[in-house]
Amino acid sequence: MFNNLKLKSSAAKSSYIAGCPPCWSIMLHESAGPSPVFLLRDGRASLKSLDASSSQNFAETLPTEVSVRIFGELDAESLCRASRTCKLWHSIIDQSEQLWRQQCLLVRAICQREVDSDRSDGLSWKVTLVRNYTRSQVKTDWLTGQYSRVSSADELLRRKMVPLDPETWGEILQAELDR
């Protein structure tokens, strides 16, 4: 980002950074030596140098809100894997209803009745996602015809299955009739 700026000194770069919102963290990439990192917290810029001995965990240096935005770019499976990476990542991911809500709304597009029912029962976004994620994948496979040409029961044994309600089976049968 700063390589494109024609600022002559570190002080000029610091004053440029000072105008940014306090939640931003901006990395400077220099060609030689460790990369300095400007951290902005509470309106104050501080310089930290990353070298081989320092931590490379972005969640340790970035504000939690920025880490949540980064984790928000992951799909549900990657989000679950990331939460098993380290205690800090687990804590950030586990405590962010925003992340689980975002993933759950994607599942809701396929399993609306189930998600709405779980949410009306007071279940958290995370629990609702866990309960309905595999169901949404199986339902999608059925609705897109992945099971249309099954030649034996052995083929079904290798696939994930979950119980589906009568309304879902009705949707699946209608999709098969329409093919």
Side-chain angles (χ1 to χ4, degrees), residues 1 3 21 23-27 29 35 37 39 50 52 54-179:
M1 173 180 240
N3 290 338
C23 64
W24 285 17
S25 290
I26 301 168
M27 296 191 77
H29 299 285
S35 298
V37 176
L39 298 175
L50 293 179
S54 70
S55 172
Q56 297 295 316
N57 186 346
F58 70 87
E60 290 176 354
T61 55
L62 296 176
T64 303
E65 299 82 22
V66 176
S67 296
V68 167
R69 290 192 67 184
I70 292 169
F71 289 130
E73 297 298 317
L74 300 176
D75 62 19
E77 288 182 28
S78 299
L79 190 61
C80 290
R81 281 190 206 106
S83 76
R84 294 189 305 258
T85 301
C86 68
K87 289 179 182 180
L88 177 61
W89 287 21
H90 175 78
S91 175
I92 292 169
I93 292 168
D94 193 51
Q95 294 173 10
S96 175
E97 281 290 303
Q98 173 187 345
L99 290 172
W100 298 110
R101 180 181 185 275
Q102 179 181 338
Q103 295 297 325
C104 202
L105 291 176
L106 295 172
V107 168
R108 185 181 182 271
I110 298 159
C111 296
Q112 182 175 353
R113 283 186 309 277
E114 295 89 341
V115 169
D116 289 349
S117 173
D118 286 351
R119 290 296 297 155
S120 68
D121 290 344
L123 298 179
S124 70
W125 287 109
K126 180 180 179 181
V127 171
T128 301
L129 177 67
V130 169
R131 287 176 49 119
N132 292 291
Y133 182 75
T134 302
R135 178 177 289 117
S136 73
Q137 289 182 316
V138 170
K139 185 175 176 180
T140 298
D141 288 348
W142 277 101
L143 291 172
T144 58
Q146 299 294 321
Y147 294 101
S148 293
R149 302 192 194 281
V150 174
S151 59
S152 72
D154 292 336
E155 288 183 45
L156 293 177
L157 294 175
R158 293 185 291 267
R159 298 185 186 196
K160 289 182 183 178
M161 290 291 174
V162 294
L164 300 173
D165 61 17
E167 290 86 7
T168 299
W169 282 113
E171 292 174 41
I172 291 167
L173 290 173
Q174 187 59 51
E176 286 295 321
L177 291 171
D178 292 344
R179 276 191 258 285

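We're numbering straight along the sequence, starting at 1. Scope of the values below: all heavy atoms of this structure, side chains included, with no hydrogens, waters or symmetry mates.
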Item to check | Full working for side chain to side chain contact (heavy atoms under 4.5 Å, CB included) between Leu74 and Arg81 | outcome: CA-CA 10 Å; Leu74 300 176; Arg81 281 190 206 106; over 6 Å; no
Item to check | side chain to side chain contact (heavy atoms under 4.5 Å, CB included) between Gln95 and Thr64, intermediate numbers included | outcome: CA-CA 11 Å; Gln95 294 173 10; Thr64 303; over 6 Å; no
So which heavy atom on [X] is nearest to which on [Y], and how close?
X: Glu155; Y: Arg149; result: OE1-O, 4.2 Å
X: Ser120; Y: Ser117; result: OG-O, 2.9 Å
X: Arg135; Y: Pro163; result: NE-O, 3.5 Å
X: Val127; Y: Ser124; result: N-OG, 3.1 Å
X: Cys111; Y: Asn132; result: SG-O, 4.4 Å
X: Ile93; Y: Ser83; result: CD1-N, 3.6 Å

Indicate yes or no: at least one non-hydrogen side-chain atom of [X] is less than 4.5 angstrom from one of [Y].
X: Trp100; Y: Leu79; value: yes
X: Arg108; Y: Arg119; value: no
X: Asp94; Y: Lys126; value: yes

Item to check | Test log, rule side chain to side chain contact (heavy atoms under 4.5 Å, CB included), inputs Trp142 and Leu164 | outcome: CA-CA 11 Å; Trp142 277 101; Leu164 300 173; 4.3 Å; yes
Checklist entry - Between Arg69 and Glu65, is the closest basic N to carboxylate O distance under 4.0 Å? => result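 No, this pair does not count.
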Working to the nearest 0.5 angstrom, can you tell me the gap between [X] [atom1] and [Y] [atom2]?
X: Trp125; Y: Leu99; atom1: CH2; atom2: CG; result: 13.0 Å
X: Cys86; Y: Ile92; atom1: SG; atom2: CD1; result: 7.5 Å
X: Thr128; Y: Asp116; atom1: OG1; atom2: CG; result: 9.5 Å
X: Leu177; Y: Arg179; atom1: CG; atom2: CZ; result: 9.5 Å
X: Arg101; Y: Leu106; atom1: CZ; atom2: CG; result: 11.0 Å
X: Leu156; Y: Met161; atom1: CG; atom2: CE; result: 4.5 Å

Has the side chain of [X] got a donor or acceptor atom that lies under 3.5 Å from a matching backbone atom of [Y]?
X: Gln103; Y: Leu129; result: no
X: Asn57; Y: Ala59; result: yes
X: Thr140; Y: Ser136; result: yes
X: Lys139; Y: Ile110; result: yes

Next on the checklist: Testing the 3.5 Å rule here: is there a donor-acceptor pair between the side chains of Tyr147 and Glu176?
Outcome noted: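 No, no side-chain donor-acceptor contact under 3.5 Å.
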Item to check | Any side-chain donor near an acceptor of the partner, Gln137 and Asp141, under 3.5 Å | outcome: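 Asp141 and Gln137 do not have a side-chain donor-acceptor pair below 3.5 Å.
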Next on the checklist: Students often mix this up, so state it plainly: with edges at 30° and 60°, are the rings of Trp89 and Phe58 parallel, tilted or perpendicular?
Outcome noted: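 If you compare the ring of Trp89 with that of Phe58, the planes turn out tilted.
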